[in-house]
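Numbers restart at 1 for each chain; the letters A, B, ... are given by sequence-line order, proteins then strands.
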Amino acid sequence: MQQFTTDKDCFNVADTLECGQIFRYEKLSDGSYAVFSRDKYARLVTEEDVVRVFTDDVDYFRHFLDLDTNYAQKVQRISAISPLMKQACDCGKGIHILNQDLTEMIISFIISANNNIKRIQLIIRRLCDALGEDTPYGKAFPTVEKMAQAPLSLYTSIGAGYRDVYLKETAQRLVNYDLSRLTQADTASARKELLSFKGVGPKVADCILLFGLRRGDVFPVDTWLKKVYHAYFEQGHKDSEISTFFCNLFGQDAGLCQQYLFYFQRKYGQTASNTVK
DNA sequence: GGACAGGTGCGGT
DNA sequence: ACCGCACCTGTC
């Protein structure tokens, strides 16, 4: 296995993995993290002044971890927006938005709908165990061909619940689907296209845009961001209005701000003062 | 046992 | 176009 290191400034492994953007990771007993993407594996070890990455796919994970983006610059700009964003940045400034596989994001976030992180991880693990190819380091994420062939009962048996039909239908549709219809489209068109998939609503579509298509100017609204909005801004608005509000406030980095706020709310939501704006 | 958390599809308006 | 409800599983 090969390895490389990267600066710890503005890159925190735990923050990046635990802010809700990725489900296939595992904290090991020595405090390092195992990360899986497609059929690839890396182990991330945080040392005194660097993060050391062990992997057979160096180029893939250099890109995956988004090490070439200047996050310090973004954090500086976002911190200046308001005291709330200063707090959120201080909490989550080590977060990178990962460059994840589009198909894996579509399937994973269909599973995420109306679901909690722990169970999402369990379902995805069972999905990989059932249908993924063997790799030297565990099971790969299954191909859409394999997923399309699997009986509906497979999806029920891994605990997907009523999402079973969404998963099977989407996998079947993806078999002969030209992903450039999404990758080449502008954000609004790609979003509209994503909404035509069964099991993909506004929130899941925004997550796929942000994490699978790297569109930074979207703001997924889930229950945590609703809490933030209601605590610091106003009561009684629809999800789409909350999303528009934050998109206008944050512009091109709305998605990154969403990650900071999500992480901040989950970490300190119980104790943080609601008076700071 | 019963309430609740977690987004989307669908049928009704 | 919008609203209300059912949907599956786990947890308190």
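- The aromatic rings of A:Phe246 and A:Phe250 lie parallel to each other, their planes meeting at an angle below 30°, with 60° marking the opposite boundary.
- A:Arg163 has its CZ atom 13 Å from the P atom of B:dG6, to the nearest Å.
- Axis orientation changes by 40° from one end of the helix from B:dG2-C:dC12 to B:dT13-C:dA1 to the other, with each end axis drawn from 5 pairs and the value rounded to 10°.
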Heteroatom pairs (N/O) under 3.5 angstrom, protein to nucleotides 1-6 of chain C:
none

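- The CG-P distance, from A:Asn114 to C:dC8, rounds to 11 Å in whole Å.
- The nearest whole Å value for the distance from the CG atom in A:Leu152 to the P atom in C:dC7 is 16 Å.
- What separates CG of A:Leu167 from P of C:dC7 is a distance of 19 Å, to the nearest Å.
- Residue contacts for A:Phe109: at a heavy-atom cut-off of 4.0 Å it reaches no nucleic acid atom on any strand shown.
- Taking atom CG of residue A:Leu195 and atom C1' of nucleotide B:dC10, one finds them 15 Å apart after rounding to whole Å.
- Rounded to whole Å, atom P of B:dG7 lies 19 Å from atom CG of A:Asp164.
- For A:Phe245, the ring pair (Phe, Tyr, Trp, His ring centres under 6.0 Å) partners are A:Tyr229, A:Phe233, not counting sequence neighbours.
- At a threshold of 4.0 angstrom between heavy atoms, the contacts of A:Asp222 are confined to the sugar-phosphate backbone, with no base atom among them.
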Checklist entry - Stepwise, does the salt bridge (Lys or Arg N to Asp or Glu O under 4.0 Å) test hold for A:Arg125 with A:Asp129? => result CA-CA 6 Å; A:Arg125 195 174 311 134; A:Asp129 285 345; over 6 Å; no
Checklist entry - Checking side chain to side chain contact (heavy atoms under 4.5 Å, CB included) for the pair A:Val165/A:Lys198: CA distance, chi angles, key distance, verdict? => result CA-CA 8 Å; A:Val165 285; A:Lys198 283 283 171 56; over 6 Å; no
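- Straight-line distance from the CD1 atom of A:Ile111 to the P atom of B:dT8: 14 Å, rounded to whole Å.
- Side-chain contact of A:Tyr60 with A:Ser37: a donor-acceptor pair under 3.5 Å is present, judged by distance alone.
- Qualifying side-chain hydrogen bond (donor to acceptor under 3.5 Å, both in side chains) partners for A:Lys74, counting only residues two or more places apart in sequence or in other chains: A:Asp253.
- Between the side chains of A:Thr135 and A:Asp39, no donor N or O sits under 3.5 Å from an acceptor N or O.
- Members clustered with A:Leu28: none, using a 4.5 Å side-chain heavy-atom cutoff among hydrophobic residues.
- Every ring pair (Phe, Tyr, Trp, His ring centres under 6.0 Å) that A:Phe211 has, sequence neighbours left out, goes to A:Phe109.
- Residues that satisfy the ring pair (Phe, Tyr, Trp, His ring centres under 6.0 Å) test with A:Phe4, not counting sequence neighbours, are absent from this structure.
- Contacts with DNA chain C (heavy atom under 4.0 Å) in residues 115-127 of chain A: A:Lys118, A:Arg119, listed by number.
- Note that A:Arg24 lies outside the cation-pi zone of A:Phe36, set by a 6.0 Å cut-off to the ring centre and a 45° limit from the axis.
- Residues from residues 154-162 of chain A lying near DNA chain C, meaning a heavy-atom separation below 4.0 Å, are A:Gly159, A:Gly161, A:Tyr162 in numerical order.
- The separation between A:Lys198 atom NZ and C:dC7 atom P is 17 Å, rounded to whole Å.
- Among residues two or more places apart in sequence or in another chain, the side chain to side chain contact (heavy atoms under 4.5 Å, CB included) test is passed with A:Lys238 by A:Ser240, A:Glu241.
- Cluster partners of A:Leu122: none. The rule joins Ile, Leu, Val, Met, Phe, Trp and Tyr whenever side-chain heavy atoms lie under 4.5 Å apart, and it links nothing here.
- Between A:Thr223 and B:dG6 there is a side-chain N or O to OP1 or OP2 distance below 4.0 Å.
- Listed by chain and residue number, nothing satisfies the ring pair (Phe, Tyr, Trp, His ring centres under 6.0 Å) test with A:Tyr33 (two or more places apart in sequence, or in another chain).
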